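Single-structure report; data block below.
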Amino acid sequence: MNSFVMTLNRHILEQERLYPQATGAFTNLLIDIALAAKAISHEVNKAGLLDIFGAVGTQNVFGESQQKLDVMANDAMIKALNFSGTLCTMASEENEDLIPIAEEFPKGKYICCFDPLDGSSNIDVNVSIGTIFSIFRRVTHEDQPVSLQDVLQPGYSQVCAGYVIYGSSTMLVYTTGAGVYGFTLDPDYGSFILSHPKIKIPSKGKIYSVNEGNYYKWDEGVRNYVNWAKQYGGPDGAPMTGRYIGSLVADFHRNLLKGGVFLYPADSKNKNGKLRLMYEANPLAFIVEQAGGKASNGTQRILDIQPQELHQRTPLIIGSKEDVEIAEQFVQGKRTE
Ligand code: P6P
């Protein structure tokens, strides 16, 4: 391998040097998350060859049937995070309650909230899916038992957020608050190599991404925005292009690199939207703001929302700053065309 290649491990160590108070615990945590990502990528990429398709006959906290890969990915993340010895607790979209750190492992001051395999219903049709993670520092004293108070922190308290996209290649994208960096997995070496340094999202894009099958369940403001976007929303008043993969990480990643806006609004069926604040909206909002973009629930900055419940949902409008701000004006009724 070229000696000047920047691997994820080297990059994390370099980032650690930027923070004199860094203890290295954080470095170990990120390296172990990357290890879990490699294991998940390995399984996802051979899913078509093994009896790993389909449901396991159980349901997650949302009553959604769990795919075998969901369970595998969840186990991989829990094992890696336990092993890191850096967490005082963890929370998974697949588990109703907080997941205690296994007795045999040391504990630390961090908390990780994760969606182990977002979009997994797409796996059997070979559509890109992803893992999303969000890291906080505990707020209670280490002599105290860990509580929900340590986990239900607003998104602006995150110390790190990232996602892994299992697509034509496996990429890990993360921020610690000093910019957004993308790493592509080199399967020959099993290393994540820096391929997208300092990612910045265009201030305005020409892509809008929303499930228009929900059109007649939306509020009028959302309908007005989508009608406007497909007529005048693009650069120079041209129509925007519609792109919707139905896998949040894939839709978000495309807009992060190319510009545009993703919306999953509230509707008459999902009064608070479908996506989860702690496992999806918060980490992607931290990343998009670090890349110069914006994320809101239509009226409030995602990162300012004070969580009330572990699995609470939120409407989400996320992407290029100008596109999100225009969508907010329509959603708030300040604009109708
Ligand atoms: P719909 C996948 O199930 C997911 O959680 C996200 O990855 C995706 O953006 C969304 O749901 C798609 O939901 O209702 O459009 O199928």
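For ligands, and for the atoms within them, numbers begin at 1 and follow the listed sequence. All of these numbers come straight from a predicted model, not from anything done at the bench. Numbers here simply count residues along the sequence, with the first being 1. Computed over heavy atoms, backbone and side chain alike; hydrogens, waters and symmetry mates excluded.
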*Any N/O of L248 closer than 3.5 Å to an N/O of ligand 1?*
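Between L248 and ligand 1 (N or O atoms, distance only) the closest approach is under 3.5 Å.
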
Which ligand 1 atoms are under 4.0 Å away from a heavy-atom of [X]?
X    : value
Y244 : 1 (P), 12 (C), 13 (O), 15 (O)
D118 : 5 (O), 6 (C), 7 (O)
S247 : 7 (O)
K274 : 1 (P), 3 (O), 10 (C), 11 (O), 12 (C), 13 (O), 14 (O), 16 (O)

*Considering the options T175, T176, L29, which one meets the side chain to side chain contact (heavy atoms under 4.5 Å, CB included) requirement together with C160?*
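With C160 as partner, T175, T176, L29 yield a single side chain to side chain contact (heavy atoms under 4.5 Å, CB included), made by T176.
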
*Could you tell me whether N211 approaches ligand 1 through its side chain, its backbone, both or neither, with non-hydrogen atoms closer than 4.0 Å?*
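Looking at N211 and ligand 1, just side chain atoms fall under 4.0 Å.
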
*For atom 2 (C) of ligand 1, what is the nearest protein heavy atom, given as residue, atom name and distance?*
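Atom 2 (C) of ligand 1 sits closest to the protein heavy atom G119 CA, 3.7 Å.
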
*At what distance is the nearest protein heavy atom to atom 14 (O) of ligand 1, and which residue and atom is it?*
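Going atom by atom, the protein heavy atom closest to atom 14 (O) of ligand 1 ends up being Y264 OH, 2.6 Å.
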
Is the [X] to [Y] ring centre distance short of 6.0 Å?
X    : Y    : value
Y163 : F252 : yes
F330 : Y225 : yes
H11  : Y181 : yes

*Please determine if K294 and E328 form a salt bridge, counting it only when a charged side-chain N lies under 4.0 Å from a carboxylate O.*
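Answer for the salt bridge query: yes.
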
*With a 4.5 Å heavy-atom cut-off, do S134 and M278 have their side chains touching?*
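Side-chain contact under 4.5 Å: no.
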
